[in-house]
Amino acid sequence: MRGEDHPAEEKLFHLLTAPWITEAVHASIRLGVFEELAGGPRSAADLALATGSDPAAIARLLRLLGAAGLLTEDGHTAALTSAGRLLTTGHERSLLPLARFYDDACTREPWRRLEHSLRTGEPSFERVFGSTVYEHLASAPQQLALFSDAMAVGGLPARDLAHFYDFSPVRHVTDVGGGDGSLLSAILAAHPHLGGRLVELPEVAERARRLLAGPVREGRCELTPGDFFAPLPPGSDVYVLCRVLHNWNDEECVRILRNCREAMAEDGRLLIVERVIGSDPGDLLPLLFDLHMMVVMGGCERSEAQYAALLGAAGLDLRGSVRLSLGLCALVAAPLGHKPAS
Ligand SMILES: C[S@@+](CC[C@H](N)C(=O)[O-])C[C@H]1O[C@@H](n2cnc3c(N)ncnc32)[C@H](O)[C@@H]1O
């Protein structure tokens with residue numbers, strides 16, 4: 001016999017306890033549970049020994065991770081599901097660096113002070129660390145490495161752009177704020193006729209050398225230390241801004257977009273890859289990242305109409321959009337036909 005259903009209470013209990021699952025996942029990562037399971041199914045006792053943990057406590061943890069869909073259990077051993085395998089280092093689409101960055105003070109502390117951002121509209125990151133994210137990361141090499149690795153795997157779905165956009169008539173691509181170069185290297189690998197350039201802050205551009213070493217050696221790609229708030233190098237027929245604009249407020253976005261517009265030829269294209277609010281009304285991810293941007297960067301996620309308005313203010317015109325996976329969209333923009341007045 002079942003008790004009376006209380007769907008509203010049930011929903012609320014799930015919402016209020018959701019962070020406990022996240023905590024269990026982070027603790028499992030820190031203990032090395034997923035890594036130990038990467039080699040094959042293990043018993044709780046075995047895992048407890050390998051991770052220096054209490055066997056009964058680990059058995060209870062495994063039961064929760066099983067219910068959360070990260071493991072399967074047969075009563076004796078636990079094994080990783082496909083979602084659980086994404087939290088191991090060896091997986092080619094591993095999301096472990098993202099999980100590690102979300103477990104770092106750079107993410108946790110600003111979120112703990114969400115209320116400050118809600119009261120002031122300011123990023124709580126700056127209240128916690130006394131500087132902006134990029135200023136802080138420039139002086140914290142370990143956290144910069146965590147951040148860069150997290151950005152690289154968080155941007156995996158953006159690599160679909162290499163196949164979903166028609167690069168056949170394109171000769172040269174500049175990825176502005178291109179991070180570790182993973183998107184540009186995917187585009188160059190998929191389209192051997194293309195040349196490319198990555199514009200990044202000097203300390204990040206250096207990290208991109210690892211992934212872009214091949215195309216750089218072949219003379220197909222340049223790493224250009226630079227600042228997207230300053231004039232950008234001209235000469236590419238496609239400019240890309242992937243997960244850059246959501247970091248900045250409207251005024252800063254227009255400055256970045258104007259610099260892209262100034263660098264573009266009249267028949268050039270700008271591809272903006274972002275989580276666009278409203279592109280899938282049932283999808284919570286753009287809304288969660290919207291608050292994440294608020295607390296960490298002072299940025300936001302935007303609707304297609306909001307991007308169209310920013311583009312218009314920078315002398316650009318929204319021409320279309322392409323859906324990528326995990327809620328990402330590529331917006332295609334072209335010059336309005338005249339250079340914007342500065
Ligand atoms: C959220 S990350 C996105 C990186 C990459 N496009 C991706 O999708 O993985 C934003 C990038 O902008 C870069 N950035 C921040 N300020 C910059 C500036 N003033 N000029 C150039 N790049 C900048 C950061 O170093 C960082 O790699």
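A quick note: this is a predicted structure, and the numbers were derived from the prediction, not measured. In listed order, ligands and their atoms are each counted from 1.
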*asked:* Tell me whether R108 is salt-bridged to E23, with the criterion being a basic N under 4.0 Å from an acidic carboxylate O.
replied: yes

*Residues that R112 engages under salt bridge (Lys or Arg N to Asp or Glu O under 4.0 Å), provided they are two or more places apart*: E109

_Heavy-atom side-chain contact between I272 and R243 under 4.5 Å_ = no

_Protein residues having a heavy atom less than 4.0 Å from any atom of ligand 1_ = Y134, M151, G177, G178, G179, E200, L201, V204, G226, D227, F228, F229, C242, R243, N247, W248

_Under a 4.0 Å threshold between the charged nitrogen and the carboxylate oxygen, would D250 count as salt-bridged to R302?_
yes

*With sequence neighbours left out, which residue pairs that include part of residues 11-52 fulfil the ring-ring contact (aromatic ring centres under 6.0 Å, His included) condition?*
none

*Which residues pass the salt bridge (Lys or Arg N to Asp or Glu O under 4.0 Å) test with R63, sequence neighbours left out?*
none

